[in-house]
Asks: 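My structure is below; once you've seen it, I'll send some questions.
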Amino acid sequence: MSERPAPTDADPLGVPSPSDEPAGQDGTALPDYAARDVHAAPAPAPGLECDEAEAGDRPFPPWAIVSVVALLVIGLLAGLVIVAGALDTAERLRAAPTTATTPTDPGPRSTPATGDPSLRPGSVDRAGGGAAPDGSFSDPATVGEDTLSWPTWDGGTVHVRAAEVDPDAELPHAPGTDVVEDGHQLVLVTLEISYEGPGQFQPLSEMWFSAQTDLGYATDVLPGMAPDAIDTVGAIRDGQHASARCAFVLVSTQMDGARIVLQPYDGEPLHYALG
């Protein structure tokens, strides 16, 4: 067995010299990049070498600290301005007076409007002449005797007369049908409505019908329940008449002093004594 020769001093590790680079098939030496390690980290670009320890210990620039503090102060001041503005607006809205406006179109109301000078005044006409009441709550008109009248927005006049009141009625066209609870009464009012003027009058949308007691207002419950309710009356033109009925559910103990209230959408309310 032959022994492997020991490396010489010139080549202690046996690493081939550049002249010993492998050659290609034609005997020429391979280029330098062919023998390089492709997985080795690239060398840093010239001029960008830095000491990592030195970069990690570098302090934050003073101008950057000043900028951050300035941005925080500006944000805080902006927030305070927004909050102060919101509080001021809320205070102005709370202290602002509330103004009521009169509707310009016909429409239902929850309660009659009173004391508004923009409403058209009504009048009470007594059959056969003589002094007539003013139609107020304290001086109401009389059922079967007095007719209530108002000027309308189109230059005409509407007349409404409560011809009859049944304070203990049953549902029209359904006798024996109980629609009220104990301690309550169904009040049925027969109305005669006429119009004079160049236009027309629509009772359902241009007049509000209610009953008033110490407990407040009760609205008409008859629409949709009887063929002669207010919602069945169409437009009334010059010289035409119509008859309809209203019904109100009232507490029995409130019948004394109760009133029937009639009011066009742009007219003042007028009252009939219930009994």
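Bear in mind that the values here come from a model prediction, so they are computed numbers and not experimental data.
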Asks: In the single-linkage hydrophobic clustering (I, L, V, M, F, W, Y; side-chain heavy atoms under 4.5 Å), do L148 and V158 co-cluster?
Replies: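 Same cluster.
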Asks: Please tell me if the side chains of V233 and I193 come closer than 4.5 Å, counting only heavy atoms from C-beta onward.
Replies: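 V233 does not reach I193 side chain to side chain.
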Asks: Looking at CD of Q263 and CH2 of W208, how far apart are the two atoms once the value is rounded to the nearest 0.5 Å?
Replies: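 Output value for this atom pair is 7.5 Å.
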Asks: Return the set of residues passing side-chain contact (heavy atoms from CB on, under 4.5 Å) with R126 (not counting sequence neighbours), or none when no residue passes.
Replies: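 Result, side-chain contact (heavy atoms from CB on, under 4.5 Å) vs R126: A132, P133, T142, E145, D146.
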Asks: Which heavy-atom pair separates Y217 from S210 by the least distance, and what is that distance?
Replies: CD2-OG, 3.8 Å
Asks: Here's a test for you: under side-chain contact (heavy atoms from CB on, under 4.5 Å), which of D220, L222, I230, L191 qualifies with R245?
Replies: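 It is L222, the one option of D220, L222, I230, L191 that forms the side-chain contact (heavy atoms from CB on, under 4.5 Å) with R245.
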Asks: Given the rule that I, L, V, M, F, W and Y join up when any side-chain heavy atoms are under 4.5 Å apart, are M207 and L204 in one cluster?
Replies: yes
Asks: Is any side-chain heavy atom of W150 closer than 4.5 Å to one of V160?
Replies: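 In contact.
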Asks: Who pairs with S194 by side-chain contact (heavy atoms from CB on, under 4.5 Å), at least two apart in sequence or on another chain?
Replies: H159, H241
Asks: Please report the shortest heavy-atom distance between E268 and G122, naming the atom on each side.
Replies: OE2-N, 2.9 Å
Asks: If you compare all heavy atoms of R259 against all heavy atoms of A273, which two are closest, and at what distance to 0.1 Å?
Replies: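 Heavy-atom minimum between the residues: CD-CA, 4.0 Å.
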Asks: How long is the gap from CG on L262 to CD1 on I260, to the nearest 0.5 Å?
Replies: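 CD1 of I260 is found 7.5 Å from CG of L262.
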Asks: Ignoring hydrogens and geometry beyond distance, is a side-chain donor-acceptor pair present between R237 and Q200 at under 3.5 Å?
Replies: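 Result is yes, a qualifying pair exists.
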Asks: Please determine whether residues F248 and V143 belong to a single hydrophobic cluster, defined as Ile, Leu, Val, Met, Phe, Trp and Tyr linked transitively by side-chain heavy-atom distances below 4.5 Å.
Replies: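 As far as the 4.5 Å side-chain criterion goes, V143 and F248 are connected within one cluster.
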Asks: Establish, from distance only, whether the side-chain atoms of Q185 and S252 form a donor-acceptor pair under 3.5 Å.
Replies: yes
Asks: Can you tell if the side chain of T157 reaches within under 4.5 Å of the side chain of T152, non-hydrogen atoms only?
Replies: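 Side chain of T157 against side chain of T152, heavy atoms only: no contact under 4.5 Å found.
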Asks: Any link between V189 and I236 through a network of hydrophobic side chains (Ile, Leu, Val, Met, Phe, Trp, Tyr) touching at under 4.5 Å?
Replies: yes
Asks: Angle class for the F201/Y195 ring planes (parallel below 30°, perpendicular above 60°, tilted otherwise)?
Replies: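 Parallel: the ring planes of F201 and Y195 meet at under 30°.
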Asks: Please find the pair of heavy atoms, one from T232 and one from A226, that lie closest to each other, and give the distance.
Replies: CG2-O, 4.0 Å
Asks: Taking G197's backbone N and O only, do any of them form a donor-acceptor pair with D238's side chain (distance below 3.5 Å, no angle check)?
Replies: yes
Asks: Do D154 side-chain atoms and P198 backbone N/O form a donor-acceptor pair below 3.5 Å?
Replies: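 Looks like no, no N/O pair under 3.5 Å.
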Asks: Please check this pair: side chain of T213 against backbone of Q254, looking for a donor-acceptor N/O pair closer than 3.5 Å.
Replies: no
Asks: Rounded to the nearest 0.5 Å, what separation is found between the CG atom of L119 and the CG atom of D266?
Replies: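 The CG atom of L119 sits 7.5 Å away from the CG atom of D266.
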Asks: Counting C-beta onward and ignoring hydrogens, is there a side-chain heavy-atom pair between T190 and S243 closer than 4.5 Å?
Replies: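 T190 reaches S243 side chain to side chain.
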Asks: Taking the side chain as every heavy atom from C-beta outward, state whether P264 and E206 have any atom pair closer than 4.5 Å.
Replies: no
Asks: With hydrophobic residues grouped by side-chain heavy-atom distances under 4.5 Å, do V124 and Y272 end up in a single group?
Replies: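 Cluster IDs for V124 and Y272 match.
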Asks: From D256 CG over to D214 CG, what is the distance, rounded to the nearest 0.5 angstrom?
Replies: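 Taking CG in D256 and CG in D214, the distance rounds to 10.0 Å.
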Asks: Closest heavy-atom contact between R161 and T147?
Replies: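 Nearest heavy atoms, R161 then T147: CD-OG1, 3.6 Å.
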Asks: Could you list the residues that satisfy side-chain contact (heavy atoms from CB on, under 4.5 Å) with P151, not counting sequence neighbours?
Replies: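 With neighbours one apart ignored, the set is R120.
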Asks: I want to check something: taking the side chain as every heavy atom from C-beta on, are L250 and L274 in contact at a cut-off of under 4.5 Å?
Replies: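 A side-chain contact exists here, since the closest heavy-atom pair is under 4.5 Å.
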